[in-house]
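Structure, as structure tokens:
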Amino acid sequence: MTIKPITYFDNNATTQVSQGVLEAMLPFYRESYGNPSSMHHFGGNLSLQIAQAREQVAALIGAESTEVVFTSCGSEGNNSAIRSALSNNSSRRRIITTAVEHPCVLNVAKQLQSEGYDHVVIGVDGDGQLDLGQLEEALKVPTALVSTMAANNETGVVFPLEAIGQLVKTAGALWHVDAVQLAGKAPIDLRSLPVDLLTLSAHKIHGPKGVGALYVRRATRFQPWLLGGHQERGRRAGTENVAGLVGFGQAAEEAKEAIENDVIAQVAKLRNRLEQGLLARIPDCVVNGGGTTRLGNTSNIGFKYIEGEAILFSLDSHGICASSGSACTSGSLEASHVLRAMAIPYSVLHGSIRFSLSRFSTDEQVDLTLQVMPEIVDRLRQLSPFSDDDVSWLQQMELAPNP
Ligand code: PLP
């Protein structure tokens, strides 16, 4: 079987495990496969490896290693952060999120509403940037927790963390940050941000899938979500995924080095060449979130009058992987809740594609995409009889109510 070379521009969905990470993990599947809780040294010695991984992850975000609790993924981190914060602040049954959070935050908030909590949703502007005025207003009512993402998975829009932190702390609420997308793509220093809880996921930074971390500030009380053994100092039960944790540690160290060596700026250069090249070659397209601060690796472009899924299929036939929304909602025809919160017009929204690059992306991959996209869009537009004036077909496709 010959495998076509892949142009992988879907790094916000997941990333390739780096060679260094793979090599660091392998011994823990083959030779050192013990249980860290065992009394014998074959298992017991593994706690040293876990401690090193914890140091490496802590160093990526400017935390103490004791403030890092390993989890199974970003979704678990977000769920347990929110549940813990609310149970430790039970006199305030109110949570604030933004409209563009990942479903693993929004669906918890929905569940909480059914349990009698008040859920306040803060909107974003046309670029996907947070409405700080709305947040300030909402915080006039006593609130247990504010949960905001650091950077959006679909548009790459980065929220102003310092300003959010100031508002949240002035109001005396707890602050949880979903940093799954920002980590590894920009520096994070928790010594200078008043974050109480912060979520990370290894597979977004060239680590393995099924491993994550929750930062819990030393002074913040934590209520474990997963009960059982004494692992993670009683904060998260379950036999440790030693290979996964070692891989996460290595990935965190490599990500820190990439940031320090300006590799991130090189990724941004490549992203800019892709984005500007597409805008120059293809009429009637817009960058969603293009007017505000974004991650350097992400470009979400709306190609008017055609459907994103049709573009993705055509790209796939050239070995190019992109995405039409978050990995969790693509695969359904439901329009992106993020783009809808930005009030992106239907004719743009349904033809929006996310390209997300990594430090392994190349100039050749950008060239190939620039070469094939004009023809793909042109062909699909010739098949599409729709224009800005006729959006009824798009409105009919709208299966889900606005969030
Ligand atoms: N938060 C954000 C912003 C994400 O992009 C994702 C994954 O796409 C998650 C949370 C969930 O992370 P995981 O896939 O590790 O559960």
Side-chain angles (χ1 to χ4, degrees), residues 8-17 21 57 60-61 68-83 97-110 124 128 130 146-159 161 164 175-186 188 195 197-215 225-226 236 238 241 244-245 247-248 251-252 255 289 294-295 297-300 321-332 334 336-339 341-342 354-358 403:
Y8 189 74
F9 285 164
D10 202 11
N11 287 280
N12 286 9
T14 197
T15 56
Q16 175 187 7
V17 168
V21 166
V57 171
L60 179 66
I61 55 175
V68 172
V69 179
F70 283 125
T71 63
S72 69
C73 60
S75 300
E76 182 191 322
N78 283 345
N79 272 259
S80 54
I82 293 171
R83 287 285 174 187
T97 72
T98 80
V100 296
E101 296 302 310
H102 190 272
C104 66
V105 167
L106 289 180
N107 286 338
V108 180
K110 208 163 150 188
V124 294
L130 191 68
V146 176
S147 181
T148 59
M149 54 189 5
N152 188 269
N153 42 311
E154 294 190 34
T155 58
V157 168
V158 177
F159 281 166
L161 293 180
I164 296 171
W175 185 25
H176 165 243
V177 173
D178 174 354
V180 165
Q181 292 292 343
L182 189 74
K185 296 171 188 148
I188 300 176
V195 173
L197 300 141
L198 177 136
T199 303
L200 301 172
S201 178
H203 75 103
K204 309 288 189 183
I205 62 164
H206 304 287
K209 293 172 183 57
V211 187
L214 179 63
Y215 159 86
W225 190 52
L226 204 53
R236 197 269 184 188
N241 172 1
L245 301 186
F248 189 10
R294 279 182 301 155
L295 294 173
N297 80 316
T298 307
S299 183
N300 189 314
C321 309
S323 163
S324 61
S326 75
C328 310
T329 48
S330 56
S332 77
E334 193 178 317
S336 150
H337 72 285
V338 174
L339 299 185
M342 293 160 68
R354 177 188 72 188
F355 300 94
S356 47
L357 283 61
S358 80

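Numbers here simply count residues along the sequence, with the first being 1. As the structure lists them, so they are numbered: ligands from 1, and atoms in each ligand from 1. Because the structure is a prediction, the values reported are computed rather than measured.
- Checking each of N153, N297, N152, T155 against N12 for a side chain to side chain donor-acceptor pair (under 3.5 Å) leaves exactly one that passes, namely N297.
- For ligand 1, the polar-atom distance check against G74 finds a nitrogen or oxygen pair separated by under 3.5 Å.
- For atom 1 (N) of ligand 1, the nearest non-hydrogen atom from the set L182, D178, N12 belongs to D178.
- The proximity of N78 to ligand 1, defined as any non-hydrogen pair under 4.0 Å, is limited to the side chain.
- For the residues E101, H102, E76, the heavy atom positioned nearest atom 6 (C) of ligand 1 is part of H102.
- In terms of heavy atoms, A81 sits closest to L197 at O-CD1, 3.8 Å.
- Counting heavy atoms closer than 4.0 Å to ligand 1, residue C73 contributes atoms from both its backbone and its side chain.
- If you number the atoms of ligand 1 from 1 as listed, the ones under 4.0 Å from a heavy atom of M149 come out as 3 (C).
- Under the 4.5 Å side-chain criterion, counting only non-hydrogen atoms from C-beta, I205 is not in contact with T15.
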Worked verdict on L214 versus L198 for side chain to side chain contact (heavy atoms under 4.5 Å, CB included):
CA-CA 6 Å; L214 179 63; L198 177 136; 5.8 Å; no

Mind running side chain to side chain contact (heavy atoms under 4.5 Å, CB included) on E76 and R236 for me, showing each step along the way?
CA-CA 10 Å; E76 182 191 322; R236 197 269 184 188; 2.8 Å; yes

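- Contacts between C104 and ligand 1 below 4.0 angstrom, taking non-hydrogen atoms only, involve the side chain exclusively.
- With a 4.0 Å heavy-atom cut-off, ligand 1 is reached by the side chain of H203 but not by its N, CA, C or O.
- Side chains of F159 and V124 form a contact here, defined as non-hydrogen atoms less than 4.5 Å apart.
- Side-chain contact check for H206 and N11: no donor-acceptor pair (N or O, by modelled atom type) lies under 3.5 Å.
- Near Q181, the atoms of ligand 1 lying under 4.0 angstrom from a non-hydrogen atom of the residue are 3 (C), 4 (C), 5 (O).
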